[in-house]
Amino acid sequence: MTDKLRYSCDSNSSFASEGYGSRMLVSDDSVLDWRDYFDHHTFPLSRRDPSCWPHFPPNYREVIAEYSDSMKALAQTLLSLVSESLGLPSSRIEEAVGEFYQNITVSYYPPCPQPELTLGLQAHSDMGAITLLIQHDVMGLQVLKDGEWINVHPLSDAIVVLLADQTEIITNGLYRSAQHRAITNASKARLSVATFHDPSKTTIISPASELITESSPPRYRQVTYGDYVSSWYTKGPEGKRNIDGLLI
Ligand SMILES: O=C(O)CCC(=O)C(=O)O
Ligand SMILES: [Fe+2]
């Protein structure tokens with residue numbers, strides 16, 4: 001507990017801040033998630049301050065820094081493949097996102113005596129561009145497909161790729177952000193590590209002009225990413241309500 005307080009998030013901040021936390025939303029009437037988390041700010045390097053991260057196990061800070069670098073490279077590769085698949089220059093989506101703001105969130109879901117009463121994490125789509133997630137061997141992640149929640153079974157050495165809302169906007173809906181949630185488990189604790197890649201708060205995101213034609217008009221209004229994040233934190237996740245609010 002002492003160490004959790006030592007590295008705790010700034011509870012006065014209305015945005016996700018670095019360190020330990022146990023709720024996703026700040027307003028008092030919000031539904032609470034059955035989850036504790038630790039958030040690391042890892043990119044740009046000016047935000048990376050390993051002294052804010054736990055000092056144990058002894059190589060923890062080096063492992064996080066190395067993992068952050070590898071996930072950034074993987075996110076770049078995946079976004080370039082998405083660009084190419086749409087006939088765009090490979091750097092197109094990454095350029096639209098701009099310099100990555102990367103956060104690594106380690107989530108811990110304790111066993112929940114009555115799993116039917118709550119969720120580990122409410123249904124949402126991630127706000128940024130792309131999320132890379134690893135989970136240990138307890139099932140909990142579900143994605144919504146054709147109106148049904150599908151279990152994403154943990155596979156050792158697998159990285160789950162979740163496209164997020166800004167990629168949906170940039171691709172004008174040709175790629176959709178994944179709606180997902182985490183359920184709880186009555187007897188076992190679960191761990192996951194999500195690495196988010198987001199635009200800066202001042203970046204303006206809009207559908208790529210190359211994808212707009214008379215027969216395929218823009219489907220989303222342009223948005224400043226910081227405004228998108230503020231609206232997400234004000235309204236709460238509730239599935240894809242935030243991106244649906246930008247639909248033309
Ligand atoms: O724990 C998980 O599997 C999901 C985590 C997640 O979706 C998030 O942190 O945004
Ligand atoms: Fe998520």
Side-chain angles (χ1 to χ4, degrees), residues 9 15-26 30-43 53 64 67-68 71 74-75 78-79 97 100-112 115 118-145 149-169 175-186 188-199 225 228-229 231-233 235-244:
C9 293
F15 293 129
S17 56
E18 190 156 25
Y20 276 110
S22 64
R23 56 198 310 190
M24 194 158 68
L25 291 170
V26 179
S30 60
V31 180
L32 298 185
D33 298 311
W34 197 264
R35 161 181 101 129
D36 278 352
Y37 60 85
F38 191 99
D39 195 23
H40 311 72
H41 293 180
T42 41
F43 273 110
W53 308 341
I64 289 286
Y67 186 72
S68 149
M71 290 303 107
L74 180 58
L78 291 168
L79 289 183
V97 174
F100 283 162
Y101 277 63
Q102 187 201 59
N103 293 323
I104 299 180
T105 303
V106 178
S107 294
Y108 171 73
Y109 302 91
C112 176
T118 188
L119 284 170
L121 189 57
Q122 298 168 68
H124 65 284
S125 53
D126 293 342
M127 286 179 271
I130 187 168
T131 304
L132 302 172
L133 183 130
I134 53 175
Q135 42 179 349
H136 88 319
D137 54 359
V138 177
M139 216 294 297
L141 178 63
Q142 295 186 323
V143 288
L144 193 63
K145 184 168 189 299
W149 288 105
I150 311 283
N151 292 329
V152 181
H153 289 286
L155 293 175
S156 58
D157 301 332
I159 296 173
V160 179
V161 178
L162 295 162
L163 286 188
D165 292 344
Q166 307 314 305
T167 300
E168 177 168 332
I169 298 172
Y175 280 82
R176 308 291 314 277
S177 60
Q179 215 175 134
H180 56 285
R181 67 182 190 181
I183 56 170
T184 49
N185 186 297
K188 293 183 195 148
R190 173 170 180 265
L191 275 173
S192 74
V193 181
T195 307
F196 303 96
H197 301 85
D198 302 346
Y225 185 62
Y228 192 80
V229 174
S231 109
W232 200 99
Y233 277 95
K235 295 187 201 147
E238 272 191 47
K240 293 183 67 155
R241 194 168 69 172
N242 282 283
I243 190 165
D244 288 346

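First listed ligand is number 1; within each ligand, the first listed atom is number 1. The chain is numbered in sequence order, starting from 1.
Only the side chain of L133 comes within 4.0 Å of ligand 1, counting heavy atoms alone; its backbone N, CA, C and O stay farther away. Contacts of Q135 with ligand 1, taken as heavy-atom pairs under 4.0 Å, are absent altogether. Of all the heavy atoms of H124, the ones lying under 4.0 Å from any atom of ligand 1 belong exclusively to the side chain.
Although no hydrogens or angles enter the test, the distance criterion places no donor-acceptor pair under 3.5 Å between the side chain of H197 and the main chain of F100. Of the possible donor and acceptor atoms, one in the side chain of T167 sits under 3.5 Å from a partner among the backbone N and O of A129. Remark: side-chain polar atoms of Q135 are paired, donor with acceptor, to backbone N or O of V152 under 3.5 angstrom.
A 4.5 Å side-chain heavy-atom check between H124 and R181 finds every atom pair outside the cut-off. Proximity of M139 to N185: side-chain heavy atoms (C-beta onward) are nowhere separated by under 4.5 Å. The side-chain heavy atoms of E18 and W53, taken from C-beta on, include a pair separated by under 4.5 Å. By the 4.5 Å heavy-atom criterion applied to side chains, I159 and M71 are counted as neighbours.
Protein N/O/S atoms closer to the Fe ion (ligand 2) than 2.8 Å number 3 in this structure.
Here is the list of ligand 1 atoms found below 4.0 Å of a heavy atom in R190: 1 (O), 2 (C), 3 (O). Of all atoms in ligand 1, listed by their number and element, those nearer than 4.0 Å to a heavy atom of R35 are 9 (O). Annotation for ligand 1: atoms under 4.0 Å from non-hydrogen atoms of L121 are 5 (C), 6 (C), 7 (O), 8 (C), 9 (O). For ligand 1 and Y109, the ligand atoms under 4.0 Å from any heavy atom of the residue are 1 (O), 2 (C), 4 (C), 5 (C). Remark: ligand 1 atoms within the under-4.0 Å shell around heavy atoms of F196 are 8 (C), 9 (O), 10 (O). In the vicinity of S192, heavy-atom distances shorter than 4.0 Å reach the ligand 1 atoms 1 (O), 2 (C), 3 (O).
The shortest N or O to N or O distance between T105 and ligand 1 is not under 3.5 Å. For ligand 1, the polar-atom distance check against S107 finds no nitrogen or oxygen pair separated by under 3.5 Å. Taking only nitrogen or oxygen atoms, main chain and side chain alike, H180 reaches within less than 3.5 Å of ligand 1.
Looking at residues two or more places apart in sequence or on another chain, you find a side-chain hydrogen bond (donor to acceptor under 3.5 Å, both in side chains) between T42 and Q102. With sequence neighbours excluded, no residue satisfies side-chain hydrogen bond (donor to acceptor under 3.5 Å, both in side chains) with Y109. Applying the side-chain hydrogen bond (donor to acceptor under 3.5 Å, both in side chains) criterion to T131, with sequence neighbours excluded, gives D126.
Between atom CH2 of residue W149 and atom CD of residue Q179 there is a gap of 5.0 Å, rounded to the nearest 0.5 Å.
Between Y228 and Y225, the two ring planes are parallel [angle under 30°; tilted spans 30° to 60°].
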